[in-house]
Number of protein chains: 2
Amino acid sequence: MTAAAVRGGRSVTADDVLDVAGQIVERHGVDALTMRRLADELGVAVTSIYWHVGNRDAVLDGLVDRLLARMEALAPTGDTPGDRVASLARQLRVTLLERPHLVGLAHERDRTPAMFLPVQQAMATELAALGRTGADAALVLRGLQVHVVSSTLMARAAARNASHGTVDPDLWPDDWEDPDLVEALAAPADYDEVFEYGLAAILEAVHREFTATTAD
Amino acid sequence: MTAAAVRGGRSVTADDVLDVAGQIVERHGVDALTMRRLADELGVAVTSIYWHVGNRDAVLDGLVDRLLARMEALAPTGDTPGDRVASLARQLRVTLLERPHLVGLAHERDRTPAMFLPVQQAMATELAALGRTGADAALVLRGLQVHVVSSTLMARAAARNASHGTVDPDLWPDDWEDPDLVEALAAPADYDEVFEYGLAAILEAVHREFTATTAD
DNA sequence: ACCTGAACACCGTTCAAGT
DNA sequence: ACCTGAACACCGTTCAAGT
């Protein structure tokens with residue numbers, strides 16, 4: 001079933017182009033996105049894409065813009081400011097985990113700050129409700145961002161290694177003196193747990209220092 | 001002055017090919033490495049590269065192998081185990097910072113675990129001298145690795161943004177209620193300091209728990 | 001053993017031409 | 001307004017041919 005059939009015969013739109021392009025990029029990587037393949041899957045001539053959205057660079061830009069729009073749509077849930085910050089961190093994390101190729105694309109194009117901005121602002125609002133503002137809040141925001149980014153990186157690296165069957169222990173010499181260490185490093189860490197653990201630690205620190213400040 | 005002139009007219013070797021390829025990749029990115037450009041800069045026919053090292057994939061593999069060899073050459077300095085762990089973390093950091101494109105290449109090819117292995121083993125030796133082994137040491141190693149990786153990522157992202165003139169504050173609304181926060185986020189953080197701060201915190205925790213354990 | 005040019009299939013992009 | 005095919009310059013790779 002071609003994309004043209006899906007569209008029921010009506011002509012292609014810019015949105016259709018980006019839909020298909022997004023699927024190719026997320027399923028097979030950025031390199032797999034060729035103008036000819038894109039045109040084929042759309043059931044249209046290559047040059048038609050140039051009419052609707054522009055050249056390959058414009059297509060990739062469009063995909064990044066869509067990712068940024070999705071980031072703007074993230075909204076906190078929960079009753080307390082702490083819960084709401086945590087929910088934003090979790091939503092940011094799953095968005096990053098589900099679209100690794102698009103995130104990489106945004107990073108290559110120096111759109112990372114713009115990508116994080118909406119959650120950063122939403123988190124800042126919650127932190128203000130906790131009495132944390134200024135340079136103080138900036139520190140927490142940076143800490144949360146680093147935590148989310150690094151934990152998603154670790155999780156993805158682990159997932160790729162597992163699926164490739166490249167097991168760590170083979171790389172260590174057989175006579176290494178601390179087999180427990182090798183085993184512990186090879187064990188597939190539960191990165192959801194690692195993430196939640198670090199998140200809780202950061203939020204606890206935020207509350208602790210808050211009550212310490214207000215106790216003065 | 002062509003590369004052939006540098007070599008004084010003698011014919012090209014596999015090492016010469018990788019030297020030039022490494023320069024192109026690190027200076028202009030992986031996409032800039034075309035077989036024809038590589039051949040041009042070597043002053044040789046394209047097909048000659050295929051004889052010496054193989055196709056484009058083999059060239060990139062060779063570059064990654066060189067990076068891994070460099071990682072194996074890292075050696076700790078300092079008198080105490082703590083100092084030696086810190087020196088390894090710092091050396092790892094500068095190696096990553098100086099070769100971002102090659103590191104990205106290794107990451108794409110799932111060689112990240114192999115890349116970190118040598119420092120991980122060297123650090124494990126030092127941690128053992130501090131009485132930390134097994135799952136306990138694995139936790140510290142993971143923590144150190146995450147710290148190095150995330151702090152280099154932040155530092156590079158900041159460097160790229162600064163050089164591109166994309167300043168954060170423009171992205172925030174003018175009437176945002178907490179100008180101190182915006183200013184603090186826009187200020188170019190001293191990432192060397194951030195790195196050292198976190199590194200010291202990790203090592204302090206290692207020592208603290210060590211003395212706590214031995215005090216039993 | 002080493003290096004070459006010719007040739008092939010692929011790519012992004014432009015443009016004049018269609019309806 | 002929308003879509004097309006032809007054409008161009010570029011790419012990775014193979015191969016038969018040179019020395």
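The chains referred to below are lettered A, B, ... by the order of the sequence lines, with proteins before strands, and numbering in each begins at 1.
- Taking atom CG of residue A:Asp16 and atom C1' of nucleotide D:dC3, one finds them 15 Å apart after rounding to whole Å.
- Comparing D:dC2, C:dC3, C:dT13 by their nearest atom to the side chain of A:His52 picks out D:dC2.
- Between A:Ala45 and B:Arg36, it is A:Ala45 whose nearest contact on DNA chain D lies nearer the 5' terminus.
- For B:Asp61 and D:dG12, the CG to P distance is 16 Å, given to the nearest whole Å.
- Closest of all the heavy-atom pairs between B:Ser11 and B:Asp16 is O-OD2, 4.1 Å.
- The distance from atom CG of B:Asp40 to atom C1' of D:dC11 is 13 Å, rounded to the nearest whole Å.
- The heavy-atom pair separating A:Leu60 from A:Leu105 by the smallest distance is CD2-CD2, 3.8 Å.
- For the pair A:Leu38 CG and C:dG12 P, the interatomic distance rounds to 9 Å; values are reported in whole Å.
- Of the nucleotides present, C:dA6 is the one that pairs with D:dT14 by Watson-Crick or G-U wobble criteria, both distances under 3.5 Å.
- The CG-P distance, from A:Leu60 to C:dG12, rounds to 10 Å in whole Å.
- When distances run from any side-chain atom of A:Ser11 to the nucleotides C:dT13, D:dC3, C:dC3, the shortest one goes to D:dC3.
- Among the heavy atoms of the strands lying under 4.0 Å from A:Leu33 are primed sugar atoms or P, OP1, OP2 only; no base atom is included.
- A:Met35 places its CE atom 15 Å from the P atom of D:dG5, with the value rounded to the nearest Å.
- A:Pro118 approaches A:Glu72 most closely through the heavy-atom pair CG-CG, 3.6 Å.
- Within the 4.0 Å cut-off from OP1 or OP2 of D:dC11, at least one side-chain nitrogen or oxygen of B:Thr34 is found.
- Put simply, the side chain of B:His147 reaches to within 4.5 Å of the side chain of B:Phe195, judged on heavy atoms.
- Pair assignment for D:dA1 gives C:dT19, based on Watson-Crick or G-U wobble hydrogen-bonding distances that are each under 3.5 Å.
- The side chain of A:Trp51 lies closest to D:dC2, out of D:dC2, C:dT13, D:dT4.
- One can place CG of B:Leu42 at 15 Å from C1' of C:dC2, the figure rounded to the nearest angstrom.
- Inter-residue side-chain proximity for A:Arg37 and A:His28 is flagged as met; some heavy-atom pair is nearer than 4.5 Å.
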Self-check item: Sequence-aligned protein contact record of nucleotides 14-19 of chain C, with B where the base is within under 4.0 Å of a protein heavy atom and S where only the sugar-phosphate is
Solution: BB----
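- Atom CD1 in A:Ile49 sits roughly 21 Å away from atom P in D:dA1 (whole-Å rounding).
- When all heavy atoms of A:Pro173 and B:Gln121 are compared, the pair lying nearest together is CD-NE2, 3.5 Å.
- Taken from OG1 in A:Thr112 to CE in A:Met115, the straight-line distance is 5.0 Å, to the nearest 0.5 Å.
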